[in-house]
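Structure first, commentary second.
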Amino acid sequence: MAVHAKTSQEVAKKVFNKESLFILDVRNQDAFQDWKIEGEKFDYLNVPYFDLLDGVEEILPQIPSNKEVLVVCAKEGSSIMIAEMLSDEGMDVSYLQGGMKSWSEYLEPVKVGDLQGGGELYQFVRIGKGCLSYMVVSNGEAAIIDSTRMTDVYVDFANKLDAKITHVFDTHLHADHISGGRTIAETTNATYWLPPKDATEVVFEYKPLEDGETVQIGQTTISIDALYSPGHTIGSTSFVIDGTYLLSGDILFIDSIGRPDLAGLAEDWVGDLRESLYSRYKELSSELIVLPAHFMVIEELNDNGTVAKKLGTLYAENHGLNIEDEQVFRDMVTKNLPPQPNAYQEIRQTNMGIMTPDEDNQREMEIGPNRCAVR
């Protein structure tokens with residue numbers, strides 16, 4: 001039987017379309033338990049590659065004949081070999097091209113909606129990492145918020161829309177992924193904005209993104225209004241776009257809230273986090289559509305592929321927004337923290353411009369799941 005290469009884009013389509021898929025993951029068990037390809041209708045079998053070197057006969061009864069089968073490993077090589085062994089046993093199988101490294105880097109652009117003055121807002125879903133970034137397009141201009149290091153995706157997408165990138169923003173100094181904001185700004189001669197309270201150690205030039213700052217995109221009434229909302233970092237800044245969308249950065253997610261400890265200051269910043277969520281955001285319209293910078297679980301994806309929900313709905317459903325006792329909130333946030341992101345200190349230093357790792361090192365630094373939230 002044949003062995004097929006399947007791209008991350010093809011697998012992502014199955015996630016968004018809620019299609020079924022059987023995944024044979026041949027990485028070690030700890031790697032699989034920590035991070036895997038998630039889909040609502042995906043089934044899994046995890047058997048380490050080294051356990052299959054003598055043959056795949058023993059696992060054949062565990063692999064369904066009525067489902068598409070995808071073999072996955074870290075980089076690709078092991079999955080090709082196992083897929084070929086399954087093919088020799090008469091199975092029609094595929095392997096993930098580029099492995100989990102490729103899955104970690106794939107971005108799917110999804111249109112969130114049209115804007116009042118004739119523009120559009122797009123969400124870029126980094127399906128394997130849980131990162132969400134954004135592009136606002138209006139009258140031939142584009143602004144990018146919280147971009148990943150896969151900068152060509154944004155530049156190419158803007159070019160397809162005949163839009164010139166004029167502004168690039170980071171809502172905060174990221175600790176779980178390497179920002180592509182500065183690179184995009186340098187490539188396109190755009191203005192790069194960064195909250196100054198997060199930028200005390202950066203070694204490059206930027207424009208201070210401060211509370212109340214309004215940036216016009218295009219020639220319409222579409223604007224990006226900055227709202228200081230510390231807690232995840234001391235400089236965290238949200239955006240209200242077009243009076244309709246709240247880009248919450250890593251302060252508020254759909255099913256969780258941001259963690260305050262990635263600069264080692266959880267006890268200091270937990271009060272800021274509560275004030276942002278329980279006071280600053282409370283003053284905003286409950287009709288605003290929250291667009292976070294991350295998602296945690298695949299169930300947070302809407303049927304149209306976006307990760308979005310009204311602020312009023314989150315105040316009704318998100319546990320992190322409904323803890324009346326401040327000490328209980330403080331304990332939940334500081335004593336219930338998940339493991340810290342892989343290489344987060346090195347990622348912060350890279351985003352400050354202090355470190356300049358090569359592409360391979362950047363990829364290794366980012367490998368793993370999203371860990372920016374507290375549930």
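Nothing here was measured: the structure is a model prediction, and the numbers come from that model.
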Do [X] and [Y] come within less than 4.5 Å of each other through their side chains, counting heavy atoms only?
{"X": "T306", "Y": "L301", "result": "no"}
{"X": "L247", "Y": "I241", "result": "yes"}
{"X": "D92", "Y": "H4", "result": "yes"}
{"X": "D176", "Y": "C131", "result": "yes"}
{"X": "D255", "Y": "N318", "result": "no"}

Do [X] and [Y] get their side chains close enough for a donor-acceptor pair, meaning under 3.5 Å?
{"X": "T171", "Y": "D146", "answer": "yes"}
{"X": "D331", "Y": "Q327", "answer": "yes"}
{"X": "D170", "Y": "Y206", "answer": "no"}
{"X": "H177", "Y": "N351", "answer": "no"}

Quick one: does [X]'s side chain have a donor or acceptor within less than 3.5 Å of a partner on [Y]'s backbone?
{"X": "T350", "Y": "E346", "value": "yes"}
{"X": "S276", "Y": "R280", "value": "no"}
{"X": "S229", "Y": "S238", "value": "yes"}
{"X": "T188", "Y": "I184", "value": "yes"}

When the aromatic ring centroids of [X] and [Y] are compared, is their separation below 6.0 Å?
{"X": "F157", "Y": "Y122", "result": "yes"}
{"X": "F239", "Y": "F169", "result": "yes"}
{"X": "H232", "Y": "H294", "result": "no"}
{"X": "Y278", "Y": "F329", "result": "yes"}

Using a strict 4.0 Å threshold on nitrogen-to-oxygen distance, state whether [X] and [Y] make a salt bridge.
{"X": "E105", "Y": "R149", "result": "yes"}
{"X": "E141", "Y": "K164", "result": "no"}
{"X": "K101", "Y": "E364", "result": "yes"}
{"X": "K129", "Y": "E366", "result": "no"}
{"X": "E317", "Y": "K309", "result": "yes"}
{"X": "E108", "Y": "R126", "result": "no"}

Of all heavy-atom pairs between [X] and [Y], which one has the smallest distance, and what is that distance?
{"X": "G235", "Y": "D198", "result": "N-OD1, 2.8 Å"}
{"X": "I165", "Y": "A158", "result": "CG1-CB, 3.8 Å"}
{"X": "F295", "Y": "V297", "result": "CD1-O, 3.5 Å"}
{"X": "F204", "Y": "G353", "result": "CE2-N, 3.9 Å"}
{"X": "V307", "Y": "P292", "result": "O-CD, 3.7 Å"}
{"X": "Y95", "Y": "S79", "result": "CB-OG, 3.7 Å"}

Could you check whether atom [atom1] of [X] has more than 12 heavy atoms from other residues, nucleotides or ligands sitting under 6.0 Å from it?
{"X": "E10", "atom1": "CD", "value": "yes"}
{"X": "K18", "atom1": "NZ", "value": "yes"}
{"X": "D303", "atom1": "CG", "value": "no"}
{"X": "E19", "atom1": "CD", "value": "yes"}
{"X": "M150", "atom1": "CE", "value": "yes"}
{"X": "E299", "atom1": "CD", "value": "yes"}

Can you sort out the partners of [X] under salt bridge (charged side-chain N to carboxylate O under 4.0 Å, His left out), two or more places apart, ordered by chain and number?
{"X": "E326", "answer": "none"}
{"X": "R274", "answer": "none"}
{"X": "D114", "answer": "K111"}

Side-chain donor-acceptor distances from residues 45-74 under 3.5 Å, at least two apart:
residue, atom, partner, partner atom, Å
N46, ND2, D25, O, 2.9
N46, ND2, R27, O, 3.1
K67, NZ, D43, OD2, 2.1
E68, OE1, K14, NZ, 2.9
E68, OE2, K6, NZ, 2.9

Test side chain to side chain contact (heavy atoms under 4.5 Å, CB included) on L209 and L194; report intermediate values, then the result. CA-CA 5 Å; L209 177 64; L194 186 64; 5.8 Å; no
Under the side chain to side chain contact (heavy atoms under 4.5 Å, CB included) rule, what do T148 and I178 come out as? Steps first, then yes or no, please. CA-CA 6 Å; T148 68; I178 295 168; over 6 Å; no
Relative to F32, does K36 satisfy both conditions: NZ or CZ under 6.0 angstrom from the six-membered ring centre, and within 45 degrees of the ring's axis? yes
Show your reasoning for whether side chain to side chain contact (heavy atoms under 4.5 Å, CB included) applies to I257 and I251. CA-CA 6 Å; I257 60 176; I251 285 289; over 6 Å; no
Residue pair R348, L173: steps toward the side chain to side chain contact (heavy atoms under 4.5 Å, CB included) verdict: CA-CA 7 Å; R348 291 182 76 248; L173 187 76; 4.0 Å; yes
Identify, with sequence neighbours excluded, every residue that meets ring-ring contact (aromatic ring centres under 6.0 Å, His included) alongside Y154. F124
Can you list the residues that meet the ring-ring contact (aromatic ring centres under 6.0 Å, His included) rule with Y281, with sequence neighbours excluded? none
